[in-house]
Amino acid sequence: MKIAPSILSADYVNLQKDIEVVDAAGAEFLHIDVMDGSFVPAISYGPGWVKAIRPITKMTLDVHLMVENPERYVETFVAAGADVVGVHVEATQHIHRALQLIKNAGAKAEVVINPGTPVEAIKPVLYMVDQVLVMTVNPGFGGQKFLPETLKKITQLDQLKQTEGYDFDIEVDGGVKDNTIKDCAAAGATVAVAGSYVFDAADPAAMVQTLKDATK
């Protein structure tokens, strides 16, 4: 299982230090939640943050756009240094176009579904994505409790990978801890986002290792 610490829970004043700690601990991804105050209530980072982070780590920059009409922004975030850009199917009437824009810009395309959205909603675009993000909490805030009913969607996606020959990663985001990550991995998840579990701890590096050990 690849681990993607979320900077939403990091210390912004000492962000470079926090990033370097989880990088050295073996985290493969760095998750960057972009929130517009509309699609979700909170407001977070713009492309300038991605541009500033890009030179200080070789981790995959996994940019999760929790914004309305994300197709307006994907090219800007790719230009800033995003390796993966995730867009919510609920946030646009043009999910195919948004994913095309990501791939045409040179990044990996990810489609995201909220807890209340069925896998059926993204079936038409699964053939074109590199990653699917299953929200295992409602988006917008860190520190929420994992929703076990979302495991069924991970299993569905894993089965579709096998039957249709897809090779996308399945990422989970929300309430990921040493116990919940085991269930996610067993269901077929391959990437796990962890924010407060990692960065709220006294030793974030140890938490990254704990998550890795939990899925061995």
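Nothing here was measured: the structure is a model prediction, and the numbers come from that model. Hydrogens, waters and symmetry mates are skipped; everything else that's a heavy atom, side chains included, is used.
Side-chain atoms of Ile95 and Val111, non-hydrogen and from C-beta on, do get closer than 4.5 Å to each other. Using a 4.5 Å heavy-atom threshold, the side chains of Met128 and Gln100 count as touching. Within the 4.5 Å cutoff, no side-chain heavy atoms of Val125 are placed close to those of Val89. With a 4.5 Å cut-off on side-chain heavy atoms, Phe168 and Glu110 do not count as touching. For the pair Ile19/Met59, a side-chain contact is recorded, criterion being any heavy-atom separation below 4.5 Å from C-beta on. Inter-residue side-chain proximity for His88 and Leu65 is flagged as unmet; no heavy-atom pair is nearer than 4.5 Å. In this structure, Glu90 and Thr117 have side chains that are in contact, with non-hydrogen atoms separated by less than 4.5 Å. Looking at heavy atoms from C-beta onward, His64 lies in side-chain contact with Leu133 at the 4.5 angstrom threshold.
When atom types are taken as modelled, the side chain of Lys153 and the backbone of Thr136 share no donor-acceptor pair closer than 3.5 angstrom. In this structure a side-chain-to-backbone donor-acceptor pair under 3.5 Å is present from Asp18 to Asp11. No side-chain donor-acceptor contact under 3.5 Å links Asn114 to the backbone of Gly116. Without hydrogens or angle criteria, Thr180 side chain to Gly175 main chain gives a donor-acceptor distance under 3.5 Å. Without hydrogens or angle criteria, Lys177 side chain to Tyr197 main chain gives no donor-acceptor distance under 3.5 Å. Counting only distance, with no hydrogens or angles, the side chain of Ser44 and the backbone of Asp33 share a donor-acceptor pair below 3.5 Å. Between the side chain of Asp36 and the backbone N or O of Phe39 there is at least one donor-acceptor pair closer than 3.5 Å.
Every pair passing side chain to side chain donor-acceptor pair (under 3.5 Å) that includes a residue from residues 163-174 is listed here, sequence neighbours excluded: His31-Asp173, Gln131-Glu171, Asp169-Thr190. For the ring pair (Phe, Tyr, Trp, His ring centres under 6.0 Å) condition, no pair includes a residue of residues 172-196, sequence neighbours left out. Residue pairs meeting the ring pair (Phe, Tyr, Trp, His ring centres under 6.0 Å) criterion with at least one partner in residues 99-120, sequence neighbours excluded, are absent. Annotation: ring pair (Phe, Tyr, Trp, His ring centres under 6.0 Å) contacts involving residues 4-27, sequence neighbours excluded, comprise Tyr12-Tyr45, Tyr12-Trp49.
Thr210 is linked by a side-chain hydrogen bond (donor to acceptor under 3.5 Å, both in side chains) to nothing, counting only residues two or more places apart in sequence or in another chain. Shown here are the salt bridge (charged side-chain N to carboxylate O under 4.0 Å, His left out) partners of Lys182, two or more places apart in sequence or in another chain: there are none. Partners of Glu20 by side-chain hydrogen bond (donor to acceptor under 3.5 Å, both in side chains), not counting sequence neighbours, listed by chain and number: Gln16. Judged as a side-chain hydrogen bond (donor to acceptor under 3.5 Å, both in side chains), and not counting sequence neighbours, Lys58 has no contacts. Listed by chain and residue number, nothing satisfies the salt bridge (charged side-chain N to carboxylate O under 4.0 Å, His left out) test with Asp23 (two or more places apart in sequence, or in another chain). Partners of Arg54 according to the salt bridge (charged side-chain N to carboxylate O under 4.0 Å, His left out) rule, which considers only residues two or more places apart in sequence or in another chain, are Asp83. Applying the side-chain hydrogen bond (donor to acceptor under 3.5 Å, both in side chains) rule to Glu120 yields the partners Lys123; only residues at least two apart in sequence or on another chain are considered.
Here the closest heavy-atom approach between residue Ala201 and residue Met207 is recorded as CB-CG, 3.4 Å. When every heavy atom of Val208 is checked against every heavy atom of Ala27, the shortest pair comes out as CG1-N, 4.1 Å. Nearest approach of Ala98 to Val87, heavy atoms of both residues: CB-CG2, 4.2 Å. Nearest heavy atom pair, residue Val40 against residue Pro139, reads CG1-O, 3.6 Å. When every heavy atom of Glu68 is checked against every heavy atom of Ala91, the shortest pair comes out as OE1-O, 3.7 Å. Ser9 approaches Asp200 most closely through the heavy-atom pair O-OD1, 3.9 Å.
The cluster map of Ile, Leu, Val, Met, Phe, Trp and Tyr, joined by side-chain heavy atoms under 4.5 Å apart, puts Leu8 and Leu30 in the same cluster. Grouping the Ile, Leu, Val, Met, Phe, Trp and Tyr side chains by contacts below 4.5 angstrom, directly or via other members, places Val85 with Met66. Grouping the Ile, Leu, Val, Met, Phe, Trp and Tyr side chains by contacts below 4.5 angstrom, directly or via other members, places Leu61 with Val78. By the criterion of side-chain heavy atoms lying less than 4.5 angstrom apart, applied directly or through intervening Ile, Leu, Val, Met, Phe, Trp or Tyr residues, Ile170 is grouped together with Ile102 in one hydrophobic cluster. Put simply, Leu160 and Val112 are part of two different groups of oily side chains (I, L, V, M, F, W, Y) that touch within less than 4.5 Å, one to the next.
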Working for side-chain contact (heavy atoms from CB on, under 4.5 Å), residues Val193 and Val172
CA-CA 6 Å; Val193 176; Val172 291; over 6 Å; no
Where do Phe29 and Ile3 land on the side-chain contact (heavy atoms from CB on, under 4.5 Å) test, with the steps shown first?
CA-CA 6 Å; Phe29 285 46; Ile3 305 301; over 6 Å; no
Worked verdict on Cys184 versus Ile154 for side-chain contact (heavy atoms from CB on, under 4.5 Å):
CA-CA 7 Å; Cys184 291; Ile154 301 168; 4.2 Å; yes
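By the 6.0 Å contact criterion, NZ on Lys2 is open, its count of non-hydrogen atoms from other residues, nucleotides or ligands being 12 or less. Atom NZ of Lys51 has 12 or fewer heavy atoms from other residues, nucleotides or ligands within 6.0 Å.
Here CG of Asp158 is found 6.0 Å from NZ of Lys161. Values are rounded to the nearest 0.5 Å. The distance from the NZ atom of Lys212 to the CD1 atom of Ile181 is 9.0 Å, given to the nearest 0.5 Å. Here Glu71 contributes atom CD and Leu99 contributes atom CG; the two are 10.0 Å apart, rounded to the nearest 0.5 Å.
Ion pairing of Asp62 with Lys108 is absent here, as no side-chain N (NZ or NE/NH1/NH2) approaches a carboxylate O to less than 4.0 Å.
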Under 3.5 Å donor-acceptor pairs involving side-chain atoms of residues 143-151, not counting sequence neighbours:
{"residue": "Gln144", "atom": "NE2", "partner": "Asn138", "partner atom": "O", "Å": "2.6"}
{"residue": "Gln144", "atom": "NE2", "partner": "Phe141", "partner atom": "O", "Å": "2.9"}
{"residue": "Thr150", "atom": "OG1", "partner": "Leu147", "partner atom": "O", "Å": "2.6"}

